[in-house]
Structure formats: structure tokens, C-alpha cells
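Contents: one structure, followed by commentary.
Because only heavy atoms are used, hydrogens play no part in the values below, and waters and symmetry mates are left out as well, while side chains stay in.
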Amino acid sequence: MKKILYIGYNIDNIYNKYKEGLFGSHLLYGAIELEKMGYEISYLSHSTQKGFFKYFKDIIDIKRKNVDILFCPYIKGLFYLFLYIAQKTGYLRSLKIMGVLHFTPKITLFNKFYIKQMYKIFNKIYFHSYKNLEECINLHLVDKNQTEILNWGVDLSYIDKNKCQNLQVKETFISTGIENRDFSTLIKVFSGTDEDLNIYVFHDTQIIKSNVPNIMIHKIIKEKNNQSYTVMKVKESTCVVVPINEQGLTYCTGHTSIVEALALGKPVIVTDNIYHPIDVEKEGVGLKVGFEDVEAWKNAIAYIRNNPNLIQEMGTKGRILAETKYNIMQCALQLHQYIQFLN
């Protein structure tokens, strides 16, 4: 079987947290599942050295690993320019490269050429978002036959093991994501309702304040709370809310929160985002609201609250969608199918 090296920021730490049972395997993008299929998997965290030396160190470390395939869960940064040079000069000529592009790069007259060249070294570039994929093709940054949508989702075995079957569901709404979230609109919305809202944020993120009694803000301490903690909190809630700010509407912000809700059988209310791979309304697993549309948010919340049978129906459909399409095993199988064709 082929040797695959996963490279990313702090990926060694993520793997160690997984082994300790603190995280599910989905944060490792199929590495655990591919290893169980017989692949030899290793990990390399990007160097923390200052300046350009860190990129040279990464390239040398990749060479020393002597692997067949390099997998990059997050294609971003100057490292990939150095990787391009290493491959084109012959230093890593035989290396096959796969990765995930989470956004459409901002293109200028000065950077389009090198970005396009940089992406050419990838045998396969995966996207979560159809819209981002389409944009990159239209900008002539990637070839169509070089790309594919990756149906990434959570580690269902980890979710099921940690969701605490006997938890009593509380009549509360919950937000657990932190990336490009529109908390100001969310707080404004729930300030005008009697519904309880729990917002979970990491202690080192932006400060969020609310003096409204029905809005509780909880700070997650990374050293004390693992992923099972938020899984439990989502499981005991009625509905997951995913408010997205303007910056987050340029890629699939909130995708992790959505697929986690699906796995836990919870309906979702989310800011409408054309970059999301999952249309929650079309799939019957949630509701979409307009950007910063306070009234639309209130109507969606009331609709969920006043239709308890719908909550159950959406949750059931969500779980089925997670089991059949959006889970980490399906993601790993996609990677496996492509790797089979690599020479």
C-alpha cells in the first residue's frame, strides 16, 4: 500500500488529541480511515521557524519522509510556492500531491500567474463548495478534470459514542461555531424573543457580551473541554443556529456546525450562503435566512418552536444524510477511490 503524508498546521497535535479520545477522526480528513484500509500514514506539522527558513525545512522534512503521496487538508500560504519550486526542480518530482481548497483565492494582476502555476502541481484538488470550484475553474486557476467535490463530514462513531443517549433535550437553541460568525445579529434576534440561546466560544476568541437573561455565553477552555463536550451540548438542545457574517459568505463557513447537527439529528437555522454544499431547506433538514435579516431569523425560530413534529422530521432526515453522504468514512472512500488510479 502507498505511503501518505498529511501536512498541516499543528496536525501532530490534532492526531495526539484524537488518540487521547478528545477529538473525532474527521479533523484528520480521512487519515485514520485510510490507515485502517492498509495505507501507511504519517503526519508533519508545518515548521514554526521564522522567515522563509520554515518553508525550506518543510520541504526537506517531506523529502526525508520518503512517501508516495502528500495530502494537504488546507491549501493556503506561501509554503505551496516553495512546494511548486521543489517539484519543478526535481527535488520532489515523483511526489503525488492532493489537497483541499476551502476558498476562492483573491486574484490580482500580480498573483494570478504564480497561483495558477502553484495549483498545477496538484494531481487532485478537492473542494467542499460547488461555487468555489466553479469560480476557480472560471478564473482558469485549475483544470476541471483536476477537481472534485469532497463530501466531508464528522466521525459518526465518535459522535455516537459521546452523545449520551439518556440526555434530556432542553428547549434551547445553540451556536457552537466561531469562524466568521454574525453574533451581533444573533444576539439582536434573541433579545427580541423569549427563547433561550446558548453561545459556546473559545476563551481566546473575540469578546462577546450580552446582558439579556435568555442569552447565555459560555467560554470553552481548550485545555479542559474536548469535542465531546460540545457534542453533548448540541445533543441536549432543540436546534442549531449558524449565523454568518459578510466575510464568511465567500466560502462554506459553518459547514462543520451543519454536518455535526446532521449527525446528531438536530435541525439547523443558517444564514443563506450560496457557497454551502448542503441546501438545508432542499434537503428538509433546516431553514435558511437572509444576511442580517432579524425578522427572518425571528420567523424561523418561531416556526421551529411551533412545529415540534417538524423538529423530529428534520432531525431524522439530517441523520440519514449524515449516514449516507456527509461522514468521514465517505470522505476517506472518495480519497481511496482516487488514490487507486495514481501511478
Side-chain angles (χ1 to χ4, degrees), residues 2-20 22-36 39-87 92 95-103 105 115 118-119 121-129 132 147-148 150-155 158 177-180 202 204 222 226-227 251-253 255-256 259-260 328 331-332 334-336 338-339:
K2 290 183 171 64
K3 298 178 181 180
I4 306 174
L5 174 63
Y6 274 66
I7 186 169
Y9 292 98
N10 213 26
I11 197 166
D12 286 315
N13 184 54
I14 295 173
Y15 176 62
N16 289 333
K17 295 289 187 183
Y18 162 76
K19 289 197 297 183
E20 294 171 16
L22 302 179
F23 290 150
S25 67
H26 52 279
L27 298 180
L28 293 166
Y29 266 83
I32 301 302
E33 291 70 25
L34 288 173
E35 189 171 45
K36 291 176 181 177
Y39 292 96
E40 186 176 325
I41 306 295
S42 56
Y43 303 91
L44 177 64
S45 292
H46 284 296
S47 172
T48 57
Q49 290 185 7
K50 294 182 179 180
F52 291 138
F53 292 106
K54 62 185 177 184
Y55 303 123
F56 288 115
K57 186 178 186 307
D58 285 345
I59 298 300
I60 292 170
D61 286 343
I62 292 169
K63 180 71 172 179
R64 286 174 176 168
K65 291 284 187 178
N66 190 29
V67 296
D68 304 299
I69 300 168
L70 180 70
F71 187 84
C72 316
Y74 297 93
I75 303 173
K76 185 179 181 181
L78 275 176
F79 161 74
Y80 294 97
L81 181 58
F82 284 79
L83 184 60
Y84 165 80
I85 295 170
Q87 193 175 67
L92 295 174
L95 184 68
K96 305 299 183 183
I97 307 174
M98 303 162 60
V100 185
L101 188 56
H102 296 253
F103 60 94
I115 288 178
M118 188 169 62
Y119 289 164
I121 66 173
F122 284 86
N123 299 85
K124 178 69 75 175
I125 296 180
Y126 292 97
F127 292 79
H128 293 315
S129 168
N132 287 132
T147 64
E148 186 178 330
L150 186 63
N151 293 323
W152 180 86
V154 299
D155 177 356
Y158 182 86
I178 57 173
E179 185 179 6
N180 286 321
F202 288 108
D204 55 357
K222 291 181 180 179
N226 55 39
Q227 192 178 24
Y251 63 105
C252 57
T253 308
H255 185 55
T256 302
V259 294
E260 184 180 85
I328 197 58
C331 170
Q334 273 189 264
L335 300 180
H336 168 67
Y338 178 71
I339 292 169

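- Formation of a donor-acceptor pair under 3.5 Å by the Gln334 side chain with backbone atoms of Asn151 is found in this model.
- In this structure a side-chain-to-backbone donor-acceptor pair under 3.5 Å is present from Asn123 to Ile97.
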Item checked: Trace of the side chain to side chain contact (heavy atoms under 4.5 Å, CB included) decision for His128 with Val100 -> CA-CA 8 Å; His128 293 315; Val100 185; 4.0 Å; yes

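- In this structure, a donor-acceptor pair under 3.5 Å is absent between the side chains of His26 and Tyr158.
- In this structure, Glu33 and Leu335 have side chains that are not in contact, with every pair of non-hydrogen atoms separated by 4.5 Å or more.
- Atoms NZ and OG, from Lys36 and Ser25 in turn, are 6.5 Å apart once rounded to the nearest 0.5 Å.
- Looking at Tyr126 and Tyr338, their side chains come closer than 4.5 Å, going by heavy atoms from C-beta outward.
- Inter-residue side-chain proximity for Thr256 and Glu179 is flagged as unmet; no heavy-atom pair is nearer than 4.5 Å.
- Taking the side-chain hydrogen bond (donor to acceptor under 3.5 Å, both in side chains) definition, one finds that His46 meets it with Asp58, sequence neighbours left out.
- In terms of heavy-atom proximity, Ala332 sits nearest to Leu34 at O-CD2, 3.6 Å.
- Atom OH of Tyr251 is separated from atom NE2 of His102 by 10.5 Å, given to the nearest 0.5 angstrom.
- Among all heavy-atom pairs drawn from Gln49 and Lys54, the shortest one is O-CD, 3.0 Å.
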Item checked: Verdict with supporting geometry, Ile41 and Leu28, side chain to side chain contact (heavy atoms under 4.5 Å, CB included) -> CA-CA 11 Å; Ile41 306 295; Leu28 293 166; over 6 Å; no

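- Side chain to side chain, Tyr18 and Asp155 fail the donor-acceptor criterion of an N or O pair below 3.5 Å.
- Taking CD1 of Ile59 as the reference point, atom CG of Leu95 lies at 9.0 Å (rounded to 0.5 Å).
- Gln87 approaches Leu92 most closely through the heavy-atom pair CG-O, 3.5 Å.
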Tell me which donor-acceptor pairs under 3.5 Å the side chains of residues 6-14 have, and how far apart each pair is, sequence neighbours excluded?
| unit_1 | atom_1 | unit_2 | atom_2 | d |
| --- | --- | --- | --- | --- |
| Tyr6 | OH | Tyr29 | O | 2.9 |
| Tyr6 | OH | Ala31 | N | 3.4 |
| Asp12 | OD2 | Ser45 | N | 3.4 |
| Asp12 | OD2 | Ser45 | OG | 3.2 |

Return a table of donor-acceptor pairs under 3.5 angstrom between the side chains of residues 63-84 and protein atoms on other chains or two or more places apart.
| unit_1 | atom_1 | unit_2 | atom_2 | d |
| --- | --- | --- | --- | --- |
| Lys63 | NZ | Tyr91 | O | 3.0 |
| Asp68 | OD2 | Lys3 | N | 2.7 |
| Tyr80 | OH | Tyr74 | O | 3.2 |

